[in-house]
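For clarity, every value in this text was computed on a predicted model and none was experimentally measured.
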Amino acid sequence: MQDSYFVTGIHTDAGKTVASAFLTLTLGAEYWKPIQAGDLDFGDTERVKRYTGLPDDRFHTPRFGLRTPASPHYAARLEGTTMRCSDFLTPRTCAPRPLIIEGAGGILVPINEEQTVADLIVHLGVPAILVSRHYLGSINHTLLSINYLKTRGIPLAGLVYSGGESPQTVRIVEDLTGVAPLAELPEMPELSPAGFGKLAAEYPDLKDKL
């Protein structure tokens, strides 16, 4: 299988889409959002296209598109459908491009009555990249998320911080877990190919960290 990474977050608004756009552009990757809940007219796939300026052949169609902006299990119930991990198959990429897979919500968001995003990561058999955002309480949420990934046997390929700088947060998380950041992303003043291209240029060795 080609290199694939599942981007998940310490909570719903951690910055997964911005991080996914950064990773897709910096790694020369393809992008897949397995579950899009809400914003079907301009969902996360369209956002990453716009942010990166990459061509259509870098993007894969979501397996499920749900119109309700809610937890996937609830959105699916409202729309009369069901999702199981077995419904998902990692798409093939054009070698040697890696694949960035963006999850829905955080690690334990349910996709049905029994399974969560974590179960989907296990099913796909790919390592996770965890996105953390700097806010009061984020250390606790980051440590809990890292610990849960470990208990499930999900390899953690790296940690991406968003929302500017917080050196003491980065330091204590690394001291307690041994997980150093792959990248520390600022609040993006320009969500455009130019803005993301400038950011990607700051991480020329990102592939070597994975």
Whether the side chain of [X] engages the backbone of [Y] through a donor-acceptor N/O pair (distance < 3.5 Å, no angle test) should be reported.
X	Y	answer
Asp119	Thr116	yes
Ser138	Tyr135	yes
Glu46	Gly43	yes
Tyr203	Glu184	yes
Arg63	Asp87	yes
Lys16	Val7	no
Asp205	Asp208	no

I'd like to know if the side chain of [X] pairs up with that of [Y] as donor and acceptor (distance under 3.5 Å, no hydrogens or angles considered).
X	Y	value
Thr24	Glu30	no
Thr68	Glu79	yes
His73	Glu113	no

Do the side chains of Lys49 and Asp56 get close enough for a salt bridge, i.e. N-O under 4.0 angstrom?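 Judged by the 4.0 Å cut-off on N to carboxylate O distance, Lys49 and Asp56 do form a salt bridge.
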Take atom [atom1] in [X]; do more than 12 heavy atoms of anything else shown fall under 6.0 Å from it?
X	atom1	value
Lys209	NZ	yes
Arg84	CZ	yes
Arg152	CZ	yes

So, for His123 and Phe6, is the gap between ring centers shorter than 6.0 Å?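 Centroid separation for His123 and Phe6: 6.0 Å or greater.
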Can you check salt bridge (charged side-chain N to carboxylate O under 4.0 Å, His left out) on Arg133 and Glu187, steps first, answer last? CA-CA 10 Å; Arg133 186 169 184 81; Glu187 292 288 2; 2.4 Å; yes
Of Leu23, Leu27, Asp3, which is the lone residue that meets side chain to side chain contact (heavy atoms under 4.5 Å, CB included) with Leu210?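 Filter result, single survivor: Leu27.
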